[in-house]
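Chain A is the first sequence line, chain B the second, and so forth, proteins listed ahead of strands; every chain is numbered from 1. Quick note: numbers below take in every heavy atom, side chains included, and nothing from hydrogens, waters or symmetry partners.
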Amino acid sequence: MAASTVRAFAAPLDAVDRIEDRAAGVIEAVKDIVADDPYLGGHYPDFTIYPGVFTIETVYQAARRAIEERGGPGTRAEIAAIASVRFSAPLLPGDVLRATCELTDLDPSRVRVKARCRRGDGRTSAQLTLELLVHKENADA
Amino acid sequence: MLEHADIKRILPHRHPILQVDRVLELDPGNRIVATKAVTGAEPCYVGLPAEAPASAYAYPVSLLVESLGQAGGILWLHTAAQRAEPVTGTLIFGSARDLTLTGHAYPGDVLRHVVHLELVKGDNAFMRGETWVGDTRIATVGEILAVLRQDTTLVPA
């Protein structure tokens, strides 16, 4: 599916360029690292590194979209916890981030997202586990 | 107290990802209290449709964590400077665990971070902290690791 161009919630950037379904409950989000994305001009002025927290954003946006599509109109998913996150290699302009995200329903309102993120050269850039809280909201609330 | 100009002499981050506005208290080697005002003028709010619900304006968790981490970075680097310890390398986010979100911040709110420096080992600083909006704690992190990377491939050409 294509990335949405209209942002429905506050976010520092569109952190997902493409999403590919891999298997039941497994999605792969792809993000091209480019220096002129919002916020990156200050991180850092002399050279660009994709901020670690934006990898969290990539995984969150991909999982949120999958959960909201599955749950239908009014479904919202927000981060309740970052159980763990570890960064092991930097992402620089020209790199392609591939986040393989495994979604597990813990109960009807909680989804665990385990993600391994790799660069174009195959090296793992980050591993993280999020817990998302899922609820229904009136579209015009 | 450290003002924004002082913060820019400590952290390498620049507008708009510099996510700390003011330091209220700093006990070197131990604890910092720092604030960041959330405003609707920030880039993360660009392009939200008029019909977006109130919940769409929750400050992004990624930026909240960045802000908390930067407060910790100020504590670490300011402590090192006071002790005349050399600081070289690129400041990066190494890891975090046990981070829980228990509330939200919206435009008009002020984030108040309280971060404790637990251990400095070479180029690694281990911290823990909380983020408050008024009397409400909205985030708690059990451990956050900041790293000074000495990686030469990160040096600008």
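Of the atoms belonging to A:Pro12, heavy atoms from both backbone and side chain fall under 4.5 Å from chain B. Of the two parts of B:His15, only the backbone, made up of N, CA, C and O, holds a non-hydrogen atom closer than 4.5 Å to a non-hydrogen atom of chain A. In this structure, no portion of A:Glu131 lies under 4.5 Å from any heavy atom of chain B.
The hydrophobic cluster containing A:Val96 does not contain A:Val34, counting ILVMFWY residues as joined when their side-chain heavy atoms lie under 4.5 angstrom apart, directly or transitively. One hydrophobic cluster, built from ILVMFWY side chains closer than 4.5 Å, holds both B:Val120 and B:Val141. Transitive grouping of hydrophobic side chains (ILVMFWY, heavy atoms separated by less than 4.5 Å) keeps B:Val110 and B:Ile138 in distinct clusters. When hydrophobic clusters are built by joining Ile, Leu, Val, Met, Phe, Trp and Tyr residues whose side-chain heavy atoms come closer than 4.5 Å, directly or via intermediates, B:Val61 is grouped together with B:Tyr106. Hydrophobic clustering of Ile, Leu, Val, Met, Phe, Trp and Tyr side chains at less than 4.5 Å, counting indirect connections, keeps B:Leu68 apart from B:Val114.
In this structure, the separation between CD on B:Glu66 and NE2 on A:His43 is 5.0 Å, given to the nearest 0.5 Å. Here the OH atom belonging to A:Tyr44 is positioned 6.5 Å from the OG1 atom belonging to B:Thr90, to the nearest 0.5 angstrom. Distance OG/B:Ser55 to CZ/A:Arg76: 6.0 Å, rounded to 0.5 Å. Rounding to the nearest 0.5 Å places CZ of B:Arg97 at 13.0 Å from OG1 of A:Thr129. A distance of 10.0 Å separates CD1 in A:Ile82 from OG1 in B:Thr100, rounded to the nearest 0.5 Å. Taken to the nearest 0.5 Å, the SG atom of B:Cys44 stands 9.5 Å off from the CD atom of A:Glu57.
Taking B:Ser62, B:Ala139, B:Ser95, B:Ala58 one by one and counting their heavy-atom pairs under 4.5 Å with chain A, the maximum is reached by B:Ser62. Of the listed residues B:Leu18, B:Leu91, B:Val46, B:Thr140, the one with more heavy-atom pairs under 4.5 angstrom with chain A than any other is B:Leu91.
Scanning both residues, B:Leu48 and A:Ala10, for their nearest heavy atoms gives CD2-N, 3.9 Å. Heavy atoms only, all atoms of each residue included: A:Tyr39 and B:Ile17 are closest at O-CB, 3.7 Å. Of all heavy-atom pairs spanning A:Ile79 and B:Leu101, the tightest one is O-CB, 3.7 Å. Between B:Phe93 and A:Phe87, the closest heavy-atom pair is O-CD1, 3.2 Å. Between B:Ala56 and A:Ala8, the closest heavy-atom pair is CB-O, 3.3 Å.
Heavy-atom contacts from other residues, nucleotides or ligands closer than 6.0 Å to CD of A:Glu102 number 12 or fewer. No more than 12 heavy atoms of other residues, nucleotides or ligands sit less than 6.0 Å from atom CZ of B:Arg22.
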